[in-house]
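A short worksheet on the structure shown next.
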Amino acid sequence: MLTQLSNQKIEFFQLNLINWGSNHFVDFPWRYTENHWHALAAEIMLQRTNANQVINVYKEFCEKYPSPEDYIDDKAPNTFNSLGLKWREELLQKLAYFLTLQEIPKNKKELIKLPGVGEYIAAAFLSLHLNIIATIIDSNVVRVYGRFFGFPTDSETRRKKWFIEFANKLTPLDNHRRYNYAVIDFTREICRPKPQCHRCLLNKYCSFNFREKRGEK
DNA sequence: CTCCAGAACA
DNA sequence: TGTTCTGGAG
């Protein structure tokens, strides 16, 4: 199925997405940090949490804990009090502890061994903060690819080999960073769970948009 | 593969 | 109130 997709459609998607992204890049503070510890901490704060909610918490966190050691020294941190999912505090403590023992690795295989770091955070960290090519897959990526290219998805699609390969193919070798930021911003602003097709610059070739217009499910 | 947390949603 | 979501872990 996917091998039959025209390269034109893929190129259209990549080009227009990157183009959209460069005009709608949101300058969240963690996108600029040179501090890799802060970058990883931000990803944990962002899990299932609205980015706007994270901004102030993140800024405070960076002030309070310039290094993993500073964070470990705090016996009663309350980073997640206002964010919810408080089990992440313990996870972050474990991560911080690991980071006092070793440098942050620069490849996915080693990154994933860190507590709290899985496929998603490893890929995001590599591409966005180290500028090393990596394919970011999360629920938003699954949603936008499924819609635009017209294939059904479910909660396990993210782990399927065919989907991972497809996502690898779509992530451009050179522009991966800009592309990945664009996907993140685009799926937050336009291709949301409730799609904003009327504001979408890609709807001309979007399979989902066609189905909507024909009144199909 | 399944299970988990626990907020968000219906 | 029950169900869904989602990245990590087992």
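The model shown is predicted, which means the values in this text are computed figures rather than measured ones. Here is the naming used below: chain letters follow the sequence lines, and residue numbers restart at 1 for every chain.
- The residue A/E119 sits close only to the backbone: its heavy atoms come under 4.0 Å of sugar-phosphate atoms, none of a base.
- Going from atom CH2 of A/W87 over to atom P of C/dG7 covers 11 Å, rounded to whole Å.
- Considering only side-chain atoms of A/S155, the nucleotide from C/dT6, B/dA7, B/dT2 that sits closest is C/dT6.
- Put simply, the side chain of A/C200 reaches to within 4.5 Å of the side chain of A/L202, judged on heavy atoms.
- For A/Q47 and C/dG7, the CD to P distance is 7 Å, given to the nearest whole Å.
- There is a side-chain donor-acceptor pair under 3.5 Å between A/R143 and A/N140.
- Going from atom CG of A/N140 over to atom P of C/dG7 covers 7 Å, rounded to whole Å.
- A/R88 places a side-chain N or O within 3.5 Å of a backbone atom of A/M45 that can act as its donor or acceptor partner.
- Using a 4.0 Å cut-off, some side-chain N or O of A/S139 falls inside it from OP1 or OP2 of C/dT6.
- The phosphate of B/dC1 (OP1 or OP2) has a side-chain N or O of A/K160 nearer than 4.0 angstrom.
- Considering only the side chain of A/K194, B/dA10 comes nearest among B/dA10, B/dA7, C/dG7.
- At a threshold of 4.5 Å between non-hydrogen side-chain atoms, the residues A/Y120 and A/E43 count as touching.
- For A/L91, whose side chain is taken as the heavy atoms from C-beta onward, the closest listed nucleotide among B/dA7, C/dA9, C/dG7 is C/dA9.
- If you check every strand for non-hydrogen atoms under 4.0 Å, A/P115 touches sugar and phosphate atoms only.
- The distance from atom NZ of A/K161 to atom P of B/dC1 is 14 Å, rounded to the nearest whole Å.
- Atom pair A/I136:CD1 and C/dG8:P shows a separation of 11 Å (rounding to whole Å applied).
- Nearer to the 5' terminus of DNA chain B, by closest-nucleotide assignment, is the contact made by A/R158 (compared with the other of A/K86 and A/R158).
- The distance between atom CG of A/L46 and atom P of C/dT6, rounded to the nearest whole Å, is 15 Å.
- Rounded to whole Å, atom C1' of C/dC5 lies 11 Å from atom CG of A/L85.
- A 4.5 Å side-chain heavy-atom check between A/I164 and A/T135 finds every atom pair outside the cut-off.
- No hydrogens or angles were tested; on distance alone, a donor-acceptor pair under 3.5 Å links the side chain of A/R159 to the base of C/dG8.
- A/R88 places its CZ atom 14 Å from the P atom of C/dA9, with the value rounded to the nearest Å.
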